[in-house]
Protein chains: 2
Amino acid sequence: MPTLTAAGIEPLFRLLARYMPLEEADRRALAKLETGPVCHAEARSDIAREGENPTVIRLLISGWACRYKDLPDGRRQIVGFFLPGDFCDLNIYILSALDHSIGALTAVRYYEIQPQQFQDVIDARPHLLRALLWHEMVSAAIQREWLLSIGQRSPLERLGHLFVELYYRLKAVGLATGTGFDLPITQNHLAEANGLSLVHMNRTVQEMRREGLIELSDRQLRIVDLDRLKRVSMFNDNYLHFNR
Amino acid sequence: MPTLTAAGIEPLFRLLARYMPLEEADRRALAKLETGPVCHAEARSDIAREGENPTVIRLLISGWACRYKDLPDGRRQIVGFFLPGDFCDLNIYILSALDHSIGALTAVRYYEIQPQQFQDVIDARPHLLRALLWHEMVSAAIQREWLLSIGQRSPLERLGHLFVELYYRLKAVGLATGTGFDLPITQNHLAEANGLSLVHMNRTVQEMRREGLIELSDRQLRIVDLDRLKRVSMFNDNYLHFNR
DNA sequence: CGGATGCTTGATGTATCTCAAGACGTGTGG
DNA sequence: CCACACGTCTTGAGATACATCAAGCATCCG
């Protein structure tokens, strides 16, 4: 059970409010997304597979999911994390078939939103479209930053950078307390996201503990010295494009 | 000098036509983009730096450019290639500051397009917006595929995959003949794009030659056996989202 | 001619992977 | 209630893929 529970569209609302000022009317408009069915997926299950053609938009309410791609021989790369408040399939408006899979990393709850329902929200508060597009472009910027990480940063820098990124993202949706947060995924997931073997990821986590940068146990991560971790991992928050 | 010269908005028109049927009226609308000034940048120069806030949209006419990110200590990662017909800064509509730099890899020519000019084109032929958004989402899909490459594929697979991707992209804009194309960039650029050292990239290129997969000399690449190269690099073209 | 750029090769060190095994906690069925 | 399977974290040993350092050569160009 998470330290902080988040419900409904609250994480999404907080997220979008980082990009532009929102009003109560916006919250009420977004609340229409809550009328759809609440779906569940269990840990380690697929929510959608590459090649599928989803007809609904999924909005994550609780739990962690990921985008991943895999190769015919089983190698697998996590290319992004979905946190509460994230949409999984916003691009079905343009693209048809999925070029990646979506997997639940923990038990998750999400809304299945009909395109029309979504359209109604935009029609009611058109500037929300801009905020949503903004969020999509930030997602693309995160992908670029990951490319820099995997291509150039050392394992320690990579992991540190990921932790800081997750910290800021979770803080934006109200899921971080102080400098700690719930990290409900396994070291294997961290390895798959960072292009490292599980063994090496484990040793990297331990090195990070030894350096006094983090504390991690029982799925709770605490960043001991945020400034130092940012320096070590060469973290520059400009790619998250928060306005405040 | 390239084998095939491409001029004006022709590459862009061909590109968008891979996504949806376009008519002559669309070509004429896009031709309005040609009225802006034609700018030049020389090889190895920056077109824009991270942190800048561009007010124009750049459309590449000829030559190759790239998006790259760098770290304070000089390490650098190319996160995407711009080929003729690509827009460099389409996202200035939403995001303000650039979170990456744009560099010319060869001598390049490009249009600087005013936002209003761009808007006029969309107003004239609204469905072009959909095609342009489509192209942006394909760019994001390419980033994901690169993440898979760098994270999981071996150097040989990585390079092979990149060559096949470039082949399809260049073919889409009419810049590939048969299974060959102009590859005007250096092995160092290939290394920076694939997260490898120059020395190792060089050895990988040679291995690929030895395997009879490619021929490469004088900036001309010929894919000797496309099917085999695709098999070796586990290439699946679904992420390019071409309709035809 | 001299300097810049790009390609190539060799030698050496090390970062990272792979294989293998054990410890611990949790849930489950007999 | 115990036995067992399963998931996760951890550690050790050995192999190797890749980076780094260094140098030589070719081509182009001013």
Side-chain angles (χ1 to χ4, degrees), chain A residues 1 42-45 63-64 71 73-78 103-107 149-160 182-211 214-221, chain B residues 1 42-45 63-64 66 71 73-78 103-107 149-160 182-211 214-221 232:
Chain A
M1 193 172 297
E42 55 184 43
R44 275 167 276 116
S45 69
W64 286 34
L71 295 172
D73 62 7
R75 278 175 283 174
R76 166 173 132 130
Q77 175 70 35
I78 291 178
L105 299 174
T106 69
S149 271
I150 298 196
Q152 303 298 331
R153 279 189 250 253
S154 73
L156 189 77
E157 293 162 353
R158 236 179 274 186
L159 183 61
D182 207 30
L183 185 78
I185 60 176
T186 67
Q187 292 189 4
N188 198 33
H189 294 139
L190 292 174
E192 289 179 319
N194 282 310
L196 294 172
S197 69
L198 166 61
V199 171
H200 203 69
M201 176 50 74
N202 179 268
R203 289 178 171 135
T204 304
V205 168
Q206 291 178 56
E207 182 183 357
M208 198 163 267
R209 284 199 192 102
R210 233 179 302 119
E211 294 284 338
I214 60 158
E215 289 168 5
L216 174 59
S217 63
D218 294 323
R219 306 275 135 117
Q220 292 296 315
L221 180 78
Chain B
M1 191 172 299
E42 55 184 42
R44 274 167 276 118
S45 69
W64 287 35
C66 72
L71 295 173
D73 62 6
R75 279 175 281 174
R76 165 173 133 129
Q77 175 71 36
I78 291 178
L105 299 174
T106 69
S149 270
I150 299 196
Q152 303 298 330
R153 280 188 250 252
S154 74
L156 189 77
E157 293 163 353
R158 238 179 271 185
L159 183 61
D182 207 30
L183 185 78
I185 60 175
T186 68
Q187 292 189 4
N188 199 32
H189 294 138
L190 292 174
E192 289 179 319
N194 282 310
L196 294 171
S197 69
L198 166 61
V199 171
H200 203 72
M201 175 51 74
N202 179 269
R203 289 178 171 136
T204 305
V205 168
Q206 292 177 55
E207 181 184 356
M208 199 165 266
R209 285 200 191 102
R210 234 180 301 118
E211 295 282 338
I214 60 159
E215 288 167 6
L216 175 58
S217 63
D218 294 324
R219 306 273 136 117
Q220 292 296 315
L221 179 79
V232 166

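Labels below follow one simple rule: chain letters A, B, ... track the order of the sequence lines, proteins then strands, and each chain is numbered from 1.
Atoms CG and CD, from D182(B) and Q220(B) in turn, are 4.5 Å apart once rounded to the nearest 0.5 Å. In this structure, OG1 in T106(A) is found 11.5 Å from CD in E42(A), a value given to the nearest 0.5 Å. Atom CG of L190(A) sits about 5.0 Å away from atom CE of M201(A), to the nearest 0.5 Å. How far CG of L196(A) is from CG of L159(A): 8.5 Å, rounded to the nearest 0.5 Å.
Checking the phosphate oxygens (OP1, OP2) of dC7(C), no side-chain nitrogen or oxygen of R209(B) falls inside 4.0 Å. The side chain of Q206(B) contributes an N or O atom lying less than 4.0 Å from OP1 or OP2 of dT9(C). Taking only side-chain nitrogens and oxygens, N202(B) comes nearer than 4.0 Å to OP1 or OP2 of dT8(C). In this structure, Q187(A) reaches the dT10(D) phosphate: one of its side-chain N or O atoms is under 4.0 Å from OP1 or OP2.
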Short heteroatom pairs, N/O only, protein and nucleotides 10-20 of chain C, under 3.5 Å:
from	atom 1	to	atom 2	distance (Å)
dG10(C)	N7	R203(B)	NH2	2.5
dT16(C)	OP2	H200(A)	NE2	3.4
dC17(C)	OP1	S197(A)	N	3.1
dC17(C)	OP2	S197(A)	N	3.3
dC17(C)	OP2	S197(A)	OG	2.9

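At whole-Å resolution of the value, CD in E42(B) and P in dT5(C) are 11 Å apart. The nearest whole Å value for the distance from the CG atom in L105(B) to the P atom in dT5(C) is 15 Å. The distance between atom CG of L221(A) and atom C1' of dC9(D), rounded to the nearest whole Å, is 16 Å. One can place CD1 of I185(B) at 17 Å from P of dT5(C), the figure rounded to the nearest angstrom. For the pair D218(B) CG and dC28(D) P, the computed distance is 9 Å after rounding to whole Å. The distance between atom CD of E192(B) and atom C1' of dG6(C), rounded to the nearest whole Å, is 13 Å. Regarding R219(A), its CZ atom lies at a distance of 11 Å from the C1' atom of dG25(C), rounded to whole Å. To the nearest angstrom, P of dA19(D) lies 16 Å from CG of D73(B).
Residues satisfying the side chain to side chain donor-acceptor pair (under 3.5 Å) criterion with Q206(A), sequence neighbours excluded, are N202(A).
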### Task
Apply side chain to side chain contact (heavy atoms under 4.5 Å, CB included) to R219(A) and T186(A), showing your working.
CA-CA 8 Å; R219(A) 306 275 135 117; T186(A) 67; 4.0 Å; yes
### Task
Run the numbers on R158(B) and T204(B) for side chain to side chain contact (heavy atoms under 4.5 Å, CB included), then give the verdict.
CA-CA 10 Å; R158(B) 238 179 271 185; T204(B) 305; over 6 Å; no
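Here the side chain of Q77(B) pairs a donor or acceptor atom with the backbone of E192(B) at under 3.5 angstrom.
The end-to-end axis angle of the helix from dC1(C)-dG30(D) to dG30(C)-dC1(D), rounded to 10 degrees and based on five pairs per end, is 30°.
Under a cut-off of 6.0 angstrom, the local environment of CG in D218(A) is sparse, with at most 12 non-hydrogen atoms contributed by other residues, nucleotides or ligands.
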